[in-house]
Student: 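Handing you a structure now.
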Amino acid sequence: QRLQEMDHTHLWHPFTPMQEWVGQECLIITGGDGAYLIDAAGNRYLDGVSSLWVNLHGHRRKEIDEAVRDQLDHIAHSTLLGLSHVPAIELAERLVRLAPEGLTRVFYSDSGSTAVEAALKIAFQYWSQHPDPDRRAKRRIVSFHNAYHGDTLGAVSVGGMDTFHRCYGPLLFPSLKAHYPYCYRCHLGLAHPGCGLACLEELEELLERQAHTVAALIIEPLVQGAAGMITAPDGFLKCVESLCRKHEVLLIADEVAVGWGRTGTLFAVEREGVRPDLLALAKGLTGGYLPLAATLATETIYQGFLGEVPEGKTFFHGHTYTGNPLAARAALAALDIFEKDRTLETLPEKIRRLEKGLGPLRKRPHVGDVRQCGFLAGIELVEDRATQRPYPPGRRVGMRVALAARKHGLVIRPLGDVMVLMPPLILTPEEIDWMLEITGRCIREITESEAR
Ligand SMILES: *Cc1c(COP(=O)(O)O)cnc(C)c1O
């Protein structure tokens with residue numbers, strides 16, 4: 001009670017309408033255990049969104065706990081500016097080994113947003129100091145409508161979500177926008193697969209006309225996460241890659257959300273054999289323990305930054321805690337667990353279980369669309385299924401479903417009226433079934449009360 005009062009008096013929560021927040025009861029987490037969160041009263045909640053898409057192997061994983069403790073016995077922090085340290089070196093080597101072919105250099109930072117900022121600046125600077133003067137005109141970035149790449153201003157500039165981004169328009173650099181395939185609400189009014197991916201023609205035309213001024217294209221591979229788990233049809237990503245290659249546009253893959261097994265493979269780009277020029281990683285990188293991010297680059301890009309100091313080709317960018325040793329040790333331990341638990345091998349069965357459990361939801365009256373990619377899913381709720389009319393945002397339907405689920409011991413966080421399921425990868429088949437049953441029950445409860 002006292003903690004709640006202090007929270008309501010002093011805390012400003014991220015992405016949270018605070019007027020609504022202070023009117024609600026506040027769930028205060030005091031512990032974790034595997035896939036569960038524990039509150040002050042000892043109640044257990046299944047962590048259905050992996051503590052905002054970060055947790056992979058469960059909370060209080062012995063191996064990660066021990067790695068961090070062991071690192072504390074050495075040193076908690078030392079800088080990568082002018083010095084190096086063991087965990088950062090070992091993790092860089094490991095990331096390059098695991099990453100899609102061609103990515104050979106690791107630039108650290110602290111969050112998904114900063115990983116994206118670094119990628120954008122690297123792409124821009126790479127062309128601006130290119131030996132061929134004509135190519136120095138490649139200065140612009142192509143991004144997608146409904147994209148989300150983080151909340152710092154560079155990342156917002158390549159974002160495309162009105163709710164989050166509109167207000168900051170005057171502060172942003174202009175970027176070229178293309179449509180990502182949101183098949184449930186196709187902007188061309190077509191249906192997949194009959195459409196033959198007609199939305200790509202727009203990108204093709206854009207690049208035909210503008211590529212000589214375009215430095216890079218940034219994309220969330222396979223799924224636009226924050227926009228509502230919008231899944232792209234098979235082959236879309238591969239076609240985007242081909243267009244980038246054809247027009248000499250650097251491909252930046254933002255795998256902050258979809259990396260680390262979420263889509264069934266370690267990295268989402270693997271699903272279509274795509275090889276990005278720059279790869280942004282964060283969220284699950286430390287297994288959900290500590291803030292750490294990495295921007296991986298190809299050798300060609302890296303070489304573009306070499307030269308004598310007066311040539312001014314250095315990448316003058318970095319954050320004070322870049323590559324923090326505790327976080328890097330957590331990341332190494334999290335990667336070890338992938339091998340030890342054979343995490344990726346256990347996923348296909350869980351993905352099938354999720355798919356099976358989502359089946360009945362597809363037929364529910366107020367479920368407009370159910371989208372799944374690997375081990376993540378989005379359930380889009382609508383007021384009218386026939387016309388796909390959304391609920392008025394003020395009704396807070398998604399939020400109310402999530403609050404109802406909490407009463408049953410399931411923590412989920414919706415994106416608008418899209419219910420997101422992105423649990424830790426360690427969930428058992430029985431837990432998957434239970435999560436879906438509770439979600440379905442709460443969707444019915446809230447949407448039926450709305451209909452009355
Ligand atoms: C969460 C997210 C980011 C931003 O990461 P932060 O760590 O919150 O800065 C960037 N891109 C994608 C795709 C994300 O899902």
Side-chain angles (χ1 to χ4, degrees), residues 46 48-50 146 180-195 222-234 236 262-264 347-393 395-423 427-452:
L46 187 76
V49 286
S50 302
N146 283 318
Y180 199 89
Y182 185 2
C183 297
Y184 178 59
R185 300 181 186 278
C186 176
H187 72 287
L188 299 171
L190 301 173
H192 185 76
C195 64
L222 306 189
V223 185
Q224 283 190 319
M229 298 299 151
I230 297 169
T231 50
D234 287 346
F236 179 80
R262 297 282 179 197
T263 67
L347 279 178
E349 193 205 329
K350 297 181 189 189
I351 291 167
R352 277 195 299 275
R353 196 82 168 218
L354 183 65
E355 189 178 356
K356 191 156 152 267
L358 286 167
L361 279 169
R362 292 177 191 273
K363 302 183 198 91
R364 290 280 179 76
H366 294 282
V367 172
D369 193 22
V370 174
R371 299 182 281 270
Q372 179 190 3
C373 181
F375 203 45
L376 60 85
I379 304 159
E380 181 166 340
L381 306 179
V382 289
E383 183 161 38
D384 185 353
R385 214 176 126 108
T387 62
Q388 307 185 345
R389 184 178 70 239
Y391 283 105
R395 302 263 276 278
R396 308 292 283 152
V397 172
M399 185 55 78
R400 283 160 55 207
V401 172
L403 289 175
R406 193 181 292 179
K407 292 208 182 80
H408 295 282
L410 171 65
V411 165
I412 45 178
R413 183 174 166 83
L415 294 158
D417 290 335
V418 177
M419 306 314 300
V420 174
L421 300 175
M422 213 206 251
L427 237 57
T428 65
E430 292 72 29
E431 287 167 331
I432 296 169
D433 294 347
W434 182 83
M435 173 181 75
L436 287 162
E437 196 214 305
I438 299 298
T439 306
R441 198 191 299 173
C442 296
I443 288 174
R444 187 164 44 198
E445 185 186 314
I446 300 298
T447 56
E448 278 177 8
S449 79
E450 270 297 304
R452 250 181 253 128

Student: Would the distance check show the side chain of Thr263 and the main-chain N or O of Cys373 forming a donor-acceptor pair, the cut-off being under 3.5 Å?
Tutor: no
Student: Within a strict 4.5 Å, meaning less than it, do heavy atoms of the Glu448 and Pro365 side chains meet?
Tutor: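 Counting from C-beta outward, Glu448 and Pro365 never come under 4.5 Å.
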Student: With sequence neighbours left out, what residues match Arg444 under side-chain hydrogen bond (donor to acceptor under 3.5 Å, both in side chains)?
Tutor: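 Residues passing side-chain hydrogen bond (donor to acceptor under 3.5 Å, both in side chains) with Arg444: none at all.
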Student: Quick check: closest heavy atoms across Arg400 and Arg395, and the distance to 0.1 Å?
Tutor: NH1-O, 2.9 Å
Student: Taking only residues two or more places apart in sequence or in another chain, which ones pass side-chain contact (heavy atoms from CB on, under 4.5 Å) with Glu355?
Tutor: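 Result, side-chain contact (heavy atoms from CB on, under 4.5 Å) vs Glu355: Gln372.
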Student: How close do Met435 and Leu46 get, heavy atom to heavy atom, and via which atoms?
Tutor: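 Answer, listing the atom of Met435 first, then Leu46: CB-CD2, 3.8 Å.
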Student: Is any side-chain heavy atom of Val418 closer than 4.5 Å to one of Ile230?
Tutor: no
Student: With heavy-atom distances below 4.5 Å as the criterion, would you say the side chains of Leu421 and Ile412 are in contact?
Tutor: yes
Student: List the atom of Ala377, the atom of Leu358, and the distance in Å for their closest heavy-atom pair.
Tutor: CB-CD1, 3.8 Å
Student: How many angstroms lie between CZ in Arg364 and CD1 in Ile379, if you round to the nearest 0.5 Å?
Tutor: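 Answer rounded to 0.5 Å: 9.5 Å.
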Student: Side-chain contact, heavy-atom cut-off 4.5 Å: Cys186 with Cys195?
Tutor: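 Contact flag for Cys186/Cys195 side chains = no.
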Student: Test of understanding: with side-chain contact (heavy atoms from CB on, under 4.5 Å), list the residues that count as partners of His408, not counting sequence neighbours.
Tutor: Ile438, Arg441, Cys442, Glu445
Student: What heavy-atom pair brings Leu415 and Val420 nearest, and what distance separates the two atoms?
Tutor: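 Nearest heavy atoms, Leu415 then Val420: CD1-CG2, 3.4 Å.
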Student: Given side chains that start at C-beta, do those of Leu427 and Trp434 come closer than 4.5 Å, heavy atoms only?
Tutor: no
Student: Any idea which heavy atoms bring Pro429 and Glu349 closest together, and the distance?
Tutor: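 The pair with the smallest heavy-atom distance is CG-OE2, 3.8 Å.
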Student: Are Asn146 and Tyr180 side-chain neighbours, meaning at least one heavy-atom pair lies under 4.5 Å?
Tutor: no
Student: Do the non-hydrogen side-chain atoms of Glu431 and Pro423 ever get within less than 4.5 Å of each other?
Tutor: no
Student: Where is the tightest heavy-atom contact between Val49 and Arg413, given as atom of each residue plus distance?
Tutor: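 Nearest pair, atom of Val49 first, then Arg413: CG1-N, 3.7 Å.
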Student: Given side chains that start at C-beta, do those of His366 and Ile443 come closer than 4.5 Å, heavy atoms only?
Tutor: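 Not in contact.
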